[in-house]
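Below is one structure; the comments refer to it alone.
Just so you know, these numbers use all the heavy atoms, side chains as well, and skip hydrogens, waters and symmetry mates. In this chain, numbering begins with 1 at the start of the sequence shown.
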Amino acid sequence: MGIVGHGVAHNTPNDNIMTIKAGIVGATGYTGEELLRLLSRHPEVQITLATSTSQPGEKVSEIFPDLKTLDLIFETLHDETIGEKCSVLFSCLPHSESMQHVPNWLRQGIKVIDLSADFRYRTPQAYEKSYGRHTSPDLLAKAVYGLPEIYREKIKKASLIGNPGCYPTSALLGLIPLLKNKMISEEGIIIDSKSGMSGAGRSKVEGGLREDVQDSFYAYSLEKHRHASEIEQEISLIAGKEVSIRFTPHLLPIDRGILSTIYARPKWKCDTKKLLKTFQDFYKGEPFVQVLPEGKFPKIKETTKTNNIQIGAFYDDHSKLVVIITALDNLMKGASSQAVQNMNLICGFEETTGLI
């Protein structure tokens with residue numbers, strides 16, 4: 001059982017379980033709703049703050065009826081007093097907004113897990129290529145990229161986590177084992193990804209996206225998608241040189257989930273058995289990574305509402321390409337449940353607590 005630091009954990013009145021006080025900023029979006037659900041059943045967490053700009057003063061149970069047992073009211077965000085209410089904070093604010101608040105939160109001794117892109121990049125220049133000016137560039141060097149299967153030990157020591165994007169999580173966990181083992185070339189990587197509508201955010205879905213996607217399927221942001229630079233950053237760190245990829249996202253007429261098909265050139269003669277053995281060895285003991293046996297491939301529905309990612313792979317002797325397929329829930333492993341996984345690590349809890 002973990003304790004986050006001085007004055008962070010406390011005993012609940014009716015039992016002897018140590019809990020942390022957690023807050024969610026921007027709690028009425030899709031990721032905020034998932035965090036409310038996950039944290040409400042987490043045995044070592046008490047939700048003490050949920051903010052909303054659209055629903056201040058409303059009961060959480062009235063906005064989200066399936067959370068009827070959660071006695072909490074959406075509040076307006078007040079940075080100056082937030083440290084009195086929580087010791088761990090999940091920020092679900094839009095890109096470029098989190099960075100305006102995070103420095104103040106950190107000064108109050110709060111551990112921050114940011115679900116926007118504001119602290120995923122290693123340099124302000126990398127961030128600014130996709131999102132615009134970064135107002136807290138000094139914090140980028142202190143932030144840890146929150147991909148637990150790759151950066152677990154760094155996450156445990158961090159006070160600021162940049163929670164990865166959903167597309168990058170699906171791509172990187174499929175690519176990194178093969179890149180680290182020098183089985184595939186860094187050149188010519190193609191990532192073809194399909195996402196459910198929720199990846200666009202609640203406001204767009206409720207603003208007409210659902211009707212637009214119904215009975216349809218299409219690619220978008222073909223020339224430049226923001227998540228491509230995030231994927232390239234992590235691959236380049238492994239390669240030790242700048243790497244470019246071809247990333248094409250598509251929108252599916254389903255609510256949630258991502259399926260990515262990745263194509264890469266092998267560096268040396270390989271076969272399907274060697275590929276799968278590499279994945280199995282790399283992810284041995286990982287509770288949320290499911291490497292599928294030969295001939296079996298991921299399905300979105302098998303990861304829905306879980307923190308799992310499925311990985312399948314094969315070598316195509318005809319095209320001489322390595323093909324990797326991954327599936328995850330974009331709102332869970334691609335966002336909120338991965339954020340809880342990161343919280344478990346920085347708080348010293350069992351990594352799977354509240355997630356299985």
Side-chain angles (χ1 to χ4, degrees), residues 2-9 20-26 31 35 49 51 77 79-165 168-169 172 176 226-227 229-238 240 242 335-336 338-349 351:
I3 299 178
V4 185
H6 178 69
V8 169
I20 60 163
K21 296 185 287 185
I24 305 167
V25 176
T31 56
L35 280 168
L49 175 73
T51 78
L77 174 61
D79 273 355
E80 62 277 5
T81 59
I82 205 165
E84 301 170 6
K85 296 188 175 184
C86 58
S87 53
V88 176
L89 193 61
F90 296 86
S91 178
C92 302
L93 295 174
H95 308 306
S96 80
E97 288 190 25
S98 276
M99 69 176 79
Q100 300 173 34
H101 302 272
V102 167
N104 196 350
W105 298 341
L106 293 175
R107 281 193 292 270
Q108 296 178 60
I110 301 170
K111 304 279 190 178
V112 179
I113 300 168
D114 181 31
L115 281 80
S116 80
D118 288 3
F119 296 97
R120 295 174 187 164
Y121 290 83
R122 313 301 174 114
T123 67
Q125 293 80 12
Y127 177 89
E128 288 165 6
K129 284 180 181 178
S130 297
Y131 293 93
R133 190 171 74 92
H134 202 292
T135 59
S136 299
D138 57 310
L139 291 179
L140 293 177
K142 300 177 182 178
V144 173
Y145 191 67
L147 201 57
E149 291 77 12
I150 309 301
Y151 298 114
R152 179 173 285 110
E153 296 308 313
K154 290 183 178 181
I155 291 168
K156 289 178 180 179
K157 302 172 185 176
S159 57
L160 174 58
I161 301 293
N163 210 62
T169 298
L172 291 170
I176 287 175
R226 288 170 167 177
H227 279 163
S229 62
E230 187 180 333
I231 298 168
E232 288 174 340
Q233 169 185 260
E234 296 303 309
I235 292 176
S236 298
L237 286 169
I238 293 169
E242 190 167 334
S336 299
Q338 181 148 259
V340 173
Q341 187 178 357
N342 282 317
M343 179 202 71
N344 286 339
L345 287 169
I346 65 175
C347 294
F349 302 145
E351 192 169 338

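- Partners of Ser159 by side-chain contact (heavy atoms from CB on, under 4.5 Å), not counting sequence neighbours, listed by chain and number: Leu106, Lys111.
- Partners of Thr169 under the side chain to side chain donor-acceptor pair (under 3.5 Å) rule, at least two apart in sequence or in another chain, are Gln338.
- Note that CD1 of Ile176 is 7.5 Å distant from CD1 of Ile235, once rounded to the nearest 0.5 Å.
- Partners of Glu351 by side-chain contact (heavy atoms from CB on, under 4.5 Å), not counting sequence neighbours, listed by chain and number: Pro148, Arg152, Gln341, Leu345.
- Applying the salt bridge (charged side-chain N to carboxylate O under 4.0 Å, His left out) test to pairs two or more places apart or on separate chains, those with a residue in residues 124-149 are Glu149-Lys333.
- Under the rule for a side chain to side chain donor-acceptor pair (under 3.5 Å), Glu242 has no partner lying at least two apart in sequence or in another chain.
- Looking at residues two or more places apart in sequence or on another chain, you find a side chain to side chain donor-acceptor pair (under 3.5 Å) between Ser130 and Ser229.
- No side-chain donor-acceptor contact under 3.5 Å links Glu234 to the backbone of Glu230.
- Of all the heavy atoms in Gln108 and Thr81, the pair that sits closest is OE1-C, 4.2 Å.
- Counting only distance, with no hydrogens or angles, the side chain of Gln233 and the backbone of Arg120 share a donor-acceptor pair below 3.5 Å.
- Take Lys154 and apply the side-chain contact (heavy atoms from CB on, under 4.5 Å) test, not counting sequence neighbours, and it matches Val144, Tyr151.
- The side chain to side chain donor-acceptor pair (under 3.5 Å) check on Ser336 picks up nothing, with sequence neighbours excluded.
- Listed by chain and number, the residues in a ring pair (Phe, Tyr, Trp, His ring centres under 6.0 Å) with His134 are Phe119, Tyr127 (sequence neighbours excluded).
- Pairing each heavy atom of Ile24 with each of Cys92, the nearest pair is CG2-SG, 4.1 Å.
- Closest of all the heavy-atom pairs between Ser136 and Pro103 is OG-CG, 3.3 Å.
- Pairs of residues two or more places apart, or lying in two chains, that qualify as salt bridge (charged side-chain N to carboxylate O under 4.0 Å, His left out) and include a residue from residues 79-108 are Glu75-Lys85.
- With sequence neighbours left out, Ala339 forms a side-chain contact (heavy atoms from CB on, under 4.5 Å) with Leu35, Phe90, Ile113, Leu115, Asn163.
- Residues forming a salt bridge (charged side-chain N to carboxylate O under 4.0 Å, His left out) with Arg226 (at least two apart in sequence, or on another chain): none.
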